[in-house]
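Report on the following structure.
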Number of protein chains: 2
Amino acid sequence: MPPPASPPTFRPLYGQIRALIERALDAGEWAPGQAIPSEQDLAIRFGVSQGTVRKAIQALAGDNLVVRRQGKGTFVATHTEETASNFRFLRIRRNDGRAEYPRSRLIDLARARASAEIARLLSLKTGDPIFLLRRVLEYGGSPAVLDRIALPAALFRGLTRERCAAHAGSMYGFFETEFGVRMLRADERLHAVAADADSAALLNVAAGAPLLAVDRVAYTYADRPVEVRRGLCATRREHYWNTLT
Amino acid sequence: MPPPASPPTFRPLYGQIRALIERALDAGEWAPGQAIPSEQDLAIRFGVSQGTVRKAIQALAGDNLVVRRQGKGTFVATHTEETASNFRFLRIRRNDGRAEYPRSRLIDLARARASAEIARLLSLKTGDPIFLLRRVLEYGGSPAVLDRIALPAALFRGLTRERCAAHAGSMYGFFETEFGVRMLRADERLHAVAADADSAALLNVAAGAPLLAVDRVAYTYADRPVEVRRGLCATRREHYWNTLT
DNA sequence: CAGTGGTCTAGACCACATC
DNA sequence: ATGTGGTCTAGACCACTGG
């Protein structure tokens with residue numbers, strides 16, 4: 001008979017170093033977009049070899065928590081760059097293949113209290129204060145996506161319609177810069193639904209038209225959930241893309 | 001003035017080794033599910049160090065072309081295992097979270113000629129012979145997905161309704177075992193559409209009901225396209241899931 | 001027990017960016 | 001010239017598997 005399933009206590013050194021660096025990132029020791037110390041410096045700091053630090057950093061880079069640039073250094077990942085990292089989590093593209101980032105238009109912003117469902121997804125208690133905001137993404141002036149976004153009020157103190165509307169780029173860049181909330185990962189579930197009258201008007205489609213509903217929960221460090229959103233996408237000129245491996 | 005943009009000719013050694021191993025995989029030197037030679041053996045064969053072979057193999061493992069198992073060896077990836085690898089490319093899950101693999105039911109199978117669109121996607125010429133098949137995926141006896149699948153006839157000689165219906169598991173396991181065609185990667189584009197009468201009947205929904213349309217092109221080694229399919233999913237009890245990083 | 005992949009280290013050198 | 005990350009090597013040892 002086999003032994004009674006001894007716990008898998010083994011944890012490689014580079015995994016522990018990775019956790020230490022990740023904790024430092026979470027604590028804000030280095031700002032988004034800024035360089036973290038060199039491999040050599042971190043090796044001295046943690047008392048391990050450079051190769052072990054390298055494996056730790058490469059694991060972090062694999063999860064997009066940092067970005068490595070040969071000859072320059074390793075940088076804390078950010079949503080605020082001019083490049084594709086700005087819209088890292090945007091899976092909506094134009095059908096014709098034209099590379100174009102959408103324009104965001106705020107519809108409304110309100111304080112509210114978390115429903116049981118929202119509370120569960122955000123690890124809050126039912127009735128905890130949240131923000132609810134709606135916005136539309138437009139491609140070439142035409143509305144394509146209507147997002148309803150729920151945020152824990154505790155993490156977004158001072159969020160106002162004005163500050164929100166003033167920001168041109170991506171939502172997550174805004175969250176990162178203004179509130180220090182960094183989105184690292186998100187889970188999505190997609191359904192096909194019929195447009196209700198309200199959404200249909202905002203998306204400029206007929207009521208009842210088929211829409212792509214994208215339900216997302218976004219997480220920051222240590223898998224703490226910090227956003228729940230539902231996006232409704234009119235897939236006339238746009239689509240949701242994905243690659244399977 | 002800077003030099004006129006010399007071509008980036010640098011290619012790391014482990015990348016070249018990776019390409020050599022990949023070519024051997026493509027040539028069928030080792031069968032799916034079987035072990036490839038050990039790192040040490042491959043290092044001798046290619047005249048490089050074990051560490052370089054390791055990096056090459058880890059790159060292949062990262063793309064799911066092989067699977068590494070500590071203490072056992074490195075194995076050619078397969079779609080025919082009892083585990084999750086059987087339905088590696090299936091992104092449809094039940095809403096209630098119950099882990100359940102669907103049952104596949106063949107609707108029909110026909111020879112046809114590639115349309116311009118299909119030919120383009122499969123790198124064929126318009127009019128080249130293809131197979132067109134339709135099947136339904138059922139969860140707990142209820143139809144959830146209707147797939148229309150186009151395959152180049154040249155790669156699937158001898159495909160018949162009987163052989164197709166006889167196979168219980170995943171489509172790609174069937175393709176791998178019976179025709180030696182290994183699906184390695186796929187691109188998907190999702191739209192929301194209204195159900196036509198035919199699809200609605202097969203999916204047991206009302207005509208005009210919103211459906212999730214999943215358009216997929218699947219590739220084998222060297223990015224050769226070998227399948228085009230459109231899946232129509234009634235997302236009542238199921239959804240399409242994705243993780244963003 | 002032997003064989004496999006996994007970890008850790010140390011050193012040398014390469015490619016890239018900046019000064 | 002210097003400092004960064006990237007590659008390549010060599011060797012030692014660890015964790016896991018199966019005979």
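All values derive from a computational prediction rather than experimental measurement. Residue numbering restarts at 1 for every chain, and letters A, B, ... go by the order of the sequence lines. Only heavy atoms go into these numbers, but all of them, side chains included; no hydrogens, no water, no symmetry mates.
Salt-bridge check for A:Arg69 with A:Glu81: passed, with a basic side-chain N closer than 4.0 Å to an acidic carboxylate O.
When side chains are defined from C-beta on, B:Leu244 counts as touching A:Arg216, because their heavy atoms get closer than 4.5 Å. Between B:Ile92 and B:Tyr139, the closest side-chain pair of non-hydrogen atoms falls below 4.5 Å.
In terms of phosphate contacts, A:Lys55 brings no side-chain nitrogen or oxygen within less than 4.0 Å of OP1 or OP2 of C:dC8.
Looking at residues 67-80 of chain B, you'll see B:Gln70, B:Gly71, B:Lys72 sit with a heavy atom under 4.0 Å from some atom of DNA chain D. Applying a 4.0 Å cut-off to non-hydrogen atoms, the residues of residues 24-38 of chain A that approach DNA chain D are A:Ser38, listed by residue number. Near DNA chain D, meaning a heavy atom under 4.0 Å away, there are no residues from residues 46-53 of chain A.
Checked against a 6.0 Å centroid threshold, the rings of B:Tyr101 and B:Phe87 count as neighbours.
Taking atom CD on A:Gln40 and atom C1' on D:dG5, their separation rounds to 12 Å, with Å as the unit. For the pair A:Ile44 CD1 and C:dT9 C1', the interatomic distance rounds to 15 Å; values are reported in whole Å. When the P atom of C:dA10 is taken as reference, atom CG of A:Leu13 falls 12 Å away, rounded to whole Å. At whole-Å resolution of the value, CD1 in A:Ile17 and P in C:dG6 are 20 Å apart. Protein atom CZ of B:Phe10 is 6 Å distant from nucleotide atom P of C:dA15, rounded to whole Å.
Defining each end axis of the helix from C:dC1-D:dG18 to C:dT18-D:dA1 as the rotation carrying four pairs' C1' atoms onto the next four, with five pairs an end, the two axes are found to diverge by 10° to 10 degrees.
Partners of A:Ser38 according to the side chain to side chain contact (heavy atoms under 4.5 Å, CB included) rule, which considers only residues two or more places apart in sequence or in another chain, are A:Gln40, A:Asp41.
The backbone N or O of A:Leu65 sits nowhere less than 3.5 Å from a side-chain atom of A:Asp63 that would complete a donor-acceptor pair.
Using bins of under 30°, 30° to 60° and over 60° for the plane-to-plane angle, the ring pair B:Tyr172/B:Phe175 lands in the tilted bin. Classified by interplanar angle (parallel below 30°, tilted 30° to 60°, perpendicular above 60°), the ring pair A:Phe179/A:Phe174 is perpendicular.
Between B:Arg54 and B:Asp41, the one whose closest nucleotide on DNA chain C sits nearer the 5' end is B:Asp41.
Here ring-ring contact (aromatic ring centres under 6.0 Å, His included) pairs that include residues 16-75 of chain B, with residues two or more places apart or in two chains, number zero.
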